[in-house]
Amino acid sequence: MASEGTALIGLWFEGQKYFADSIKEECTEKDLDIFDDTSRWLDIYFSGKEPDFTPKILITGTSFRKSVAEIMLTIPYGKTMTYGEIANVIAKEKGIAKMSAQAVGGAVGHNSISIIIPCHRVVGTNGSLTGYAGGLDKKIQLLKLEKTDKI
């Protein structure tokens, strides 16, 4: 977990691709309320229940990555959305005809707040399980935990 002091800016699996990429400064270990909130959220989540709150988060990165993260936050527990569906939402928001699903995939892969910003709920066309920065095995386990019908 990483924080700027009051909000969560990072939550990764150990060894995850792009691990700690949102941390730009030297870090120090501290006990923070946001870490307590995040741990409580994770305890609820990993007990197989949908948490009824979201820890305070601060999405970092480009405006495009922030837009993709905001859309991922709308994907309900136990449901999935495709890269193409996210691309269509962004295209509509920008008033353009088309957005690249591959560009969305790049932004999804750089999600710095895994699980809470549910990039594991983003799937390929026809529900195919594609890459996951934390490892495809973890994506499958998270979707099973949520009892999604995509596995």
Side-chain angles (χ1 to χ4, degrees), residues 1-25 27 32-35 37-42 44-46 50-143 145-151:
M1 287 186 258
S3 172
E4 42 66 81
T6 60
L8 192 68
I9 62 167
L11 179 63
W12 304 272
F13 291 102
E14 191 161 324
Q16 177 175 327
K17 194 174 186 182
Y18 312 117
F19 183 87
D21 69 340
S22 61
I23 300 174
K24 305 299 180 207
E25 301 172 9
C27 296
L32 297 173
D33 290 341
I34 187 60
F35 295 152
D37 291 346
T38 302
S39 292
R40 192 164 44 90
W41 189 97
L42 290 167
I44 294 167
Y45 180 83
F46 283 113
E50 180 180 4
D52 61 355
F53 72 98
T54 302
K56 183 177 179 184
I57 60 174
L58 177 63
I59 302 167
T60 59
T62 66
S63 61
F64 179 72
R65 286 185 185 171
K66 289 177 184 178
S67 294
V68 170
E70 292 292 340
I71 293 167
M72 287 189 289
L73 283 166
T74 69
I75 305 170
Y77 181 93
K79 302 293 181 191
T80 59
M81 186 175 214
T82 68
Y83 296 94
E85 288 171 327
I86 293 173
N88 290 340
V89 170
I90 291 175
K92 186 175 180 180
E93 287 174 355
K94 291 183 176 266
I96 57 177
K98 191 168 174 90
M99 170 59 62
S100 165
Q102 283 183 311
V104 168
V108 169
H110 281 85
N111 174 25
S112 292
I113 306 175
S114 297
I115 306 173
I116 293 174
I117 298 178
C119 51
H120 61 279
R121 295 181 190 151
V122 182
V123 298
T125 307
N126 301 321
S128 60
L129 298 182
T130 58
Y132 183 61
L136 196 54
D137 58 327
K138 290 180 182 72
K139 181 174 188 161
I140 292 167
Q141 290 305 314
L142 294 171
L143 292 173
L145 179 72
E146 294 184 19
K147 298 176 179 61
T148 182
D149 60 359
K150 295 296 179 187
I151 350 181

Problem - CA sep, side-chain torsions, deciding dist, call: L11, F35, side-chain contact (heavy atoms from CB on, under 4.5 Å) - result: CA-CA 10 Å; L11 179 63; F35 295 152; over 6 Å; no
Practice task
Show the numbers, then the answer: is there a side-chain contact (heavy atoms from CB on, under 4.5 Å) between M72 and V108?
Solution key: CA-CA 8 Å; M72 287 189 289; V108 169; 3.9 Å; yes
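Summarising the geometry of V68 relative to A107, their closest heavy-atom pair is CG2-CB, 3.8 Å, with the distance given to 0.1 Å. Of all heavy-atom pairs between I117 and A69, the closest is CG2-O, 3.9 Å. Among all heavy-atom pairs drawn from Y77 and L145, the shortest one is OH-O, 3.8 Å. Residues I34 and P55 come closest through the heavy atom pair CD1-CB, 3.9 Å. Of all heavy-atom pairs between N111 and C119, the closest is ND2-SG, 3.1 Å. When all heavy atoms of P51 and W41 are compared, the closest pair comes out as CB-NE1, 3.2 Å.
Contact annotation: the side chain of M81 approaches that of I71 to within less than 4.5 Å [non-hydrogen atoms, C-beta and beyond]. Counting heavy atoms from C-beta on, the side chains of V123 and L129 come closer than 4.5 Å. I9 places none of its side-chain heavy atoms less than 4.5 Å from the side chain of S112. Contact check for T82 versus T125: no side-chain heavy atoms found under the 4.5 Å cut-off. Side-chain contact between E50 and P76 is absent, with no heavy atoms from C-beta onward closer than 4.5 Å. I57 is listed as a side-chain neighbour of L73, based on a closest heavy-atom distance under 4.5 Å. I59 places a side-chain heavy atom less than 4.5 Å from the side chain of E70. Here the side chains of Q102 and Y83 are not in contact, with every heavy-atom distance at 4.5 Å or above.
By the side chain to side chain contact (heavy atoms under 4.5 Å, CB included) test, K138 is found to be paired with F13, Y132, residues two or more places apart in sequence or in another chain being considered.
With rounding to the nearest 0.5 Å, the separation of NE2 in H120 from CD1 in I75 is 8.5 Å. Taking OG1 of T54 as the start and CG of D37 as the end, the distance is 11.0 Å to the nearest 0.5 Å. One distance of note links CE of M99 with CG of N88; it measures 10.0 Å at 0.5 Å rounding. Between L42 atom CG and I115 atom CD1 the span is 6.0 Å, to the nearest 0.5 Å. Between atom CD of residue E85 and atom OG1 of residue T80 there is a gap of 7.5 Å, rounded to the nearest 0.5 Å.
Judged purely by atom type and a 3.5 angstrom limit, K139 uses its side chain to pair as donor or acceptor with the backbone of V122.
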